[in-house]
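Notes for the one structure printed next.
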Amino acid sequence: MNVLEVSNLRKTFGDEVVLNDLNLVVPEHTATVLIGASGSGKSTLLRCINLLEQIDDGEIRIDGIEISDPHINEDTVRRKLGMVFQSFNLFPHMTVLENITLAPIRVHRVSKEEAIESAKTLLSRFDLLDKADQYPDRLSGGQQQRVAIIRSIANKPRLLLLDEVTSALDPVLVNEVLSIVRDLKADGMTMVLATHEMGFATQVADEVCFLKDGHILERGTAKEVLESPQLPETKDFLKRVHEAGRL
Amino acid sequence: MENRSPARSNSGRAFSWVPSAREKNRQVARAKIARKRIAIATASSFLVIGALLVGLVTSPGWEVVKKTFFDWNYGLEILDLVVKGLVTNVTLTIVASIVIGIIALGLALARTSKSAAMTPFRILSTVYVDVFRGVPLLLVILLVGFGVPALRLSGVTNSVIVLGTVAVIITYSAYVAEVIRSGILSIHPSQRAAARSLGLSQAQTMRHVVLPQAFKRVVPPLLNDLVALLKDTGLVSILGVTDAVRAAQIQGSRTFNYTPYVIAAILFLLITIPLTRYTDRVLQRSINKQNAQGSA
Ligand SMILES: Nc1ncnc2c1ncn2[C@@H]1O[C@H](COP(=O)(O)OP(=O)(O)O)[C@@H](O)[C@H]1O
Ligand SMILES: [Mg+2]
């Protein structure tokens with residue numbers, strides 16, 4: 001069963017065509033990794049899926065239901081999706097626990113006790129229980145991003161969208177965040193993630209998609225795309241990532 | 001990053017540390033510089049302020065000025081009348097600020113809302129704010145205070161104090177609405193995006209994510225407006241409300257002595273100065289916090 005189906009997606013900002021005739025299918029329990037140069041449209045694609053951007057053509061389906069239909073209730077769609085941003089975007093006026101329980105209580109109408117209970121279960125699973133009553137500004141970047149991930153999975157989303165969740169972090173903090181994502185993958189969470197961490201992509205990706213010029217230029221398993229890319233553009237991109245990594 | 005304060009990361013155990021000879025010399029030098037600075041500040045303050053005072057007191061008109069403006073015995077006599085008037089100003093300020101808060105919040109929400117159904121309210125609140133921010137408060141007080149009774153509407157009060165308060169509320173709601181709106185607009189769009197992607201509706205996002213953060217940011221300007229509001233309640237005296245200003249005026253014109261005005265001014269200052277000091281402290285604290293966040 002496919003959780004996400006994107007077909008012929010087009011998205012422009014003014015004169016700039018960011019996504020053009022893009023197709024993507026994400027089956028249940030799989031992880032799709034988006035790679036591509038900065039500005040290639042990875043964030044835009046994730047934001048379109050989450051209805052944070054209005055698309056210009058094509059179709060997006062979640063569990064077979066067309067969410068690009070103008071009549072659809074956006075809030076209902078977003079309830080089924082989780083999104084984690086590069087810049088964490090925790091709510092600074094709420095404690096870690098309040099951040100996590102806000103949507104379950106207000107959106108999913110879970111009782112307060114139950115929401116706190118399951119939030120604490122998640123926090124302790126990822127070694128953050130002692131931070132439950134702290135405000136985000138008292139946490140390291142890595143801890144903040146882990147809380148942001150927990151916040152989005154507390155809603156039990158059908159599909160998790162992760163946008164370069166480690167790009168704003170100190171290199172030493174990257175791994176604690178990636179390890180959560182690996183755990184979620186092992187749990188069978190369906191996800192689409194944009195990342196520059198190629199080693200990590202190899203570990204979690206069922207499919208790797210290389211974005212360029214508005215569509216997916218090359219796709220395949222991590223082994224195929226990352227180890228033996230077919231197209232010169234992909235080779236060139238990977239070479240540059242590799243060089244940047246060695247700097 | 002884990003533990004911000006290096007002192008605490010040492011789990012309470014203090015380093016035994018004896019300052020080096022070099023550091024001791026530095027401490028002595030620093031203390032000397034500090035003493036010198038204090039001496040200079042004290043001397044120059046005495047000199048300047050003293051000279052001003054001496055100039056004032058020895059000036060030829062001083063005796064007359066003292067009798068007309070600073071007749072403390074007379075001031076004490078009429079003090080309770082002016083204080084009673086000030087109670088009116090304070091009460092008016094408290095009542096008005098509550099109503100203003102509610103109306104201003106409504107105006108700000110209407111203006112920032114994006115929903116189609118809210119369009120007429122968005123237009124109306126924009127017009128309202130534009131109009132009442134641009135008209136002098138005194139004019140609004142005169143219009144409402146004298147204009148409404150002239151209509152002879154049945155069931156509408158002719159009480160000057162009520163009409164005066166309404167006029168103040170009308171104008172200040174426009175000011176405060178703009179302050180709140182600027183607070184709402186200052187919240188980064190990524191906060192909304194995060195809230196919306198968790199499934200929160202527009203209204204829930206506003207209520208739980210945007211407004212609480214916006215309010216924190218606008219507390220200092222709102223406190224400024226509160227000080228201004230207290231002072232501007234003095235304007236309703238023009239309608240004949242016996243507030244502190246009017247009480248002072250009645251006494252002053254009875255005896256041709258201006259001490260009651262000075263007394264009224266001092267009484268206002270007794271409230272406004274602590275309030276402004278407090279506002280500065282709140283502002284400083286929020287700036288410090290933002291700086292700390294910026295460096296994190
Ligand atoms: N809100 C926006 N308005 C205008 N242009 C945008 C906007 N968001 C993204 N873009 C443009 O779309 C292109 C793709 O951006 P983005 O999706 O952020 O790429 P990536 O995430 O792969 O780095 C960029 O050229 C960017 O300038
Ligand atoms: Mg991006």
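Small disclaimer: the values here were computed from a predicted structure and weren't measured. Chain letters run A, B, ... following the sequence lines, proteins first, then strands; residues in each count from 1.
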Margin query: If you define the side chain from C-beta out and look only at heavy atoms, does anything of B/Leu198 sit under 4.5 Å from A/Phe91?
Written below: yes

Next item on the list: Give a yes or no answer on whether the side chain of B/Gln204 reaches the backbone of A/Arg106 with a donor-acceptor pair at less than 3.5 Å.
Entry: yes

Margin query: Looking at B/Arg281, I'd like to know if its CZ atom is crowded, meaning that more than 12 non-hydrogen atoms belonging to other residues, nucleotides or ligands lie closer than 6.0 Å.
Written below: no

Check: Within residues 49-60 of chain A, which positions have a heavy-atom distance to chain B below 4.5 Å?
Finding: A/Asn50, A/Leu52

Next item on the list: Please identify each residue that fulfils side chain to side chain donor-acceptor pair (under 3.5 Å) with B/Arg37, with sequence neighbours left out.
Entry: none

Checklist line | Atom of B/Arg196, atom of A/Arg78 and distance for their closest heavy-atom approach | finding: O-CD, 2.9 Å

Next item on the list: Just give me the residue among A/Arg47, A/Arg151, A/Lys80 that pairs up with chain B most often, heavy atom to heavy atom, under 4.5 Å.
Entry: A/Arg151

Checklist line | Contacts with chain B made by residues 95-104 of chain A (heavy-atom distance under 4.5 Å), listed by residue number | finding: A/Leu102, A/Ala103

Note to self: Is it the case that over 12 heavy atoms from other parts of the model lie below 6.0 angstrom from the CZ atom of B/Phe132?
What the structure shows: yes

Note to self: Using every non-hydrogen atom in the two residues, find where B/Leu200 and A/Asp75 come nearest and quote the distance to one decimal.
What the structure shows: O-OD1, 3.8 Å

Next item on the list: Tell me the residues of residues 155-166 of chain A whose non-hydrogen atoms fall below 4.5 Å from those of chain B, in number order.
Entry: A/Asn155

Margin query: Counting heavy-atom pairs closer than 4.5 Å to chain A, which one of B/Pro212, B/Ala195, B/Ser190 comes out on top?
Written below: B/Ser190

Next item on the list: Would you give the length of the straight line joining atom NE2 of B/His208 to atom CD1 of A/Ile105, rounded to the nearest 0.5 angstrom?
Entry: 9.5 Å

Next item on the list: Give the minimum heavy-atom separation between A/Pro92 and B/Gln191, together with the two atoms involved.
Entry: CD-OE1, 3.5 Å

Notebook entry, point to check: Above 12 or not: heavy atoms from other molecules or residues under 6.0 Å from CD of A/Glu28?
Noted result: yes

